[in-house]
2 protein chains.
Amino acid sequence: MWYMPARSAASPSSPRDLILGRAIEHLAAHGLGDTSLRQLAGALGTSHRMLVYHFGSKEGFLVAVVRAVEARQRAALAEIVATAGSASPAEIMRRFWDRLADPALWPHERLFFELYSQALQGRPHALPLLEGIIDSWIEPAVEFARRHGLPERPARAQARLGLAVMRGLLLDLLATGDRRAVDQALELHVATLVGQDTADPAPLSPLSRGTRRSGK
Amino acid sequence: MWYMPARSAASPSSPRDLILGRAIEHLAAHGLGDTSLRQLAGALGTSHRMLVYHFGSKEGFLVAVVRAVEARQRAALAEIVATAGSASPAEIMRRFWDRLADPALWPHERLFFELYSQALQGRPHALPLLEGIIDSWIEPAVEFARRHGLPERPARAQARLGLAVMRGLLLDLLATGDRRAVDQALELHVATLVGQDTADPAPLSPLSRGTRRSGK
DNA sequence: CACCCAATGTACCATGTGGTACATGCCGGC
DNA sequence: GCCGGCATGTACCACATGGTACATTGGGTG
């Protein structure tokens with residue numbers, strides 16, 4: 001007979017979690033195309049037997065990966081918001097974008113979109129990803145915007161639009177690699193923000209922090 | 001030995017094209033998950049033998065599907081632009097969005113994002129989709145914006161941003177189904193447009209065409 | 001009619017798949 | 001020092017896959 005470990009509180013560095021970590025890294029780098037359990041296991045330095053052992057099945061394994069990716073996304077968001085300090089929304093968005101646009105993150109973002117689209121298609125293993133895929137980003141943004149004086153409704157719309165801009169431009173960037181062009185588009189949106197952010201104490205300060213990629 | 005038809009100018013309703021059409025419909029409805037040739041063939045009312053016969057291989061088949069989807073996208077865009085008439089950019093964007101957001105198109109859009117993300121991951125059959133996936137939309141938009149008085153550079157950025165907003169909000173809509181909330185975000189962006197569109201002959205006309213989903 | 005050739009059907013193959021059964025290594029606690 | 005149980009390795013299975021070979025149909029043209 002076989003045994004699937006009780007999935008208890010999960011000691012932080014159990015073999016299971018080690019595998020998970022490596023899995024995310026590998027999937028980010030190579031995507032989760034049709035890869036079979038065996039290929040994956042091989043690339044992860046384990047055996048397909050182990051994946052089934054720790055996660056119950058291939059599906060179960062992918063569910064775990066999705067959850068972990070989701071968790072990382074949220075963590076990144078939290079850090080961004082925490083780092084915010086007293087910067088203006090516009091400046092926050094620029095910084096956020098600067099981080100997201102870093103080529104080092106591209107693989108993770110590709111994986112994110114891949115899982116996203118699979119979830120949209122109703123693939124069961126990716127569905128958990130959808131829960132909060134919008135709201136978990138909007139809520140903090142709304143709170144932040146309100147702190148800067150926007151009333152509830154516009155704040156929500158603004159947050160939603162900002163998220164869409166980020167993701168839309170990310171799709172663009174991943175496809176074209178044209179950082180300069182995408183940056184210009186973002187700047188256009190950010191300018192909008194400045195115009196609306198009536199509560200910003202210093203809306204006209206030279207917040208450009210160096211003409212955004214002017215030279216290179 | 002076997003034979004793959006010479007892929008000539010393709011009489012418009014050859015069995016090959018019939019299959020292609022049904023394939024798009026079916027993929028839009030069910031996504032192209034792991035589906036095998038046989039499953040697909042079954043769902044399309046043909047045999048896996050035929051798919052290989054007409055398209056050379058599974059990959060070849062998917063390439064053909066991708067190309068066809070691409071073509072449909074462009075056709076839709078062309079029609080939109082043609083229909084434009086003399087409406088303001090803001091109004092155009094609203095109309096465009098109204099069409100895109102129609103639930104009847106959701107399946108196609110899901111398929112689009114699925115193929116998009118697969119292409120981003122470097123899956124060979126989807127790669128052809130990337131070519132022009134940004135530019136083929138931006139070029140007409142730029143031309144349009146210029147006709148409304150914007151100089152080249154802002155026009156490009158504006159077009160790029162607009163595309164990102166559309167796709168980002170579409171991702172949102174497909175995940176949440178919250179048309180009302182997404183509409184509000186779009187309206188926020190469109191308002192921006194009006195502000196910049198200095199060349200619009202009637203920027204203050206009640207272009208709201210009925211308070212956008214005010215009631216329901 | 002005879003011929004051709006695109007279109008389709010039937011049967012098959014080697015390979016890889018997800019999953020399972022069973023044996024074993026290896027650790028800490030009694 | 002032995003024993004329980006997590007972790008892992010080996011071997012296997014039934015099955016589905018993509019692709020191929022070969023035969024057959026059927027409509028149009030000489």
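In what follows, chains are A, B, ... by sequence order, proteins preceding strands, each numbered from 1. No hydrogens, no waters, no symmetry mates; every other heavy atom, side chains included, goes into these values. As the structure is a prediction and not an experimental result, all values here were calculated from the model.
Evaluation of the side-chain contact (heavy atoms from CB on, under 4.5 Å) rule for A:His48 yields A:Leu37, A:Arg38, A:Ala41 as partners, not counting sequence neighbours. Partners of A:His125 under the side-chain contact (heavy atoms from CB on, under 4.5 Å) rule, at least two apart in sequence or in another chain, are A:Glu59, A:Leu62, A:Val63, A:Gln118, A:Arg123.
Residue A:Ser36 has its side chain nearest to C:dT17 when only D:dT20, C:dT17, D:dG18 are considered.
In this entry the distance linking CG of B:Leu40 with C1' of D:dG18 reads 13 Å, nearest Å. If you take CZ of A:Phe55 and C1' of D:dA7, they are 13 Å apart, rounded to a whole angstrom. A straight line from CG of B:Leu51 to C1' of D:dT20 spans 15 Å, rounded to a whole angstrom. A straight line from CG of A:Leu62 to P of C:dG19 spans 10 Å, rounded to a whole angstrom. The separation between A:Leu37 atom CG and C:dT20 atom P is 11 Å, rounded to whole Å. Atom CG of A:Asp34 and atom C1' of D:dG18 are 12 Å apart (whole Å).
The salt bridge (Lys or Arg N to Asp or Glu O under 4.0 Å) analysis of residues 125-135 of chain B, with sequence neighbours excluded, yields no pairs. Judged as a salt bridge (Lys or Arg N to Asp or Glu O under 4.0 Å), the pairs with a partner in residues 150-160 of chain B (not counting sequence neighbours) are, in order, A:Asp172-B:Arg160, B:Glu139-B:Arg156, B:Arg146-B:Glu152, B:Glu152-B:Arg156. Residue pairs meeting the salt bridge (Lys or Arg N to Asp or Glu O under 4.0 Å) criterion with at least one member in residues 66-90 of chain A, sequence neighbours excluded: A:Glu70-A:Arg74, A:Glu79-A:Arg99.
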Task: Sequence-aligned protein contact record of nucleotides 8-13 of chain D, with B where the base is within under 4.0 Å of a protein heavy atom and S where only the sugar-phosphate is - done: BBB-B-

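The phosphate of C:dT17 (OP1 or OP2) has a side-chain N or O of A:Gln39 nearer than 4.0 angstrom.
A salt bridge is absent between A:Arg94 and A:Asp183: the closest approach of a Lys/Arg side-chain nitrogen to an acidic carboxylate oxygen does not fall below 4.0 angstrom.
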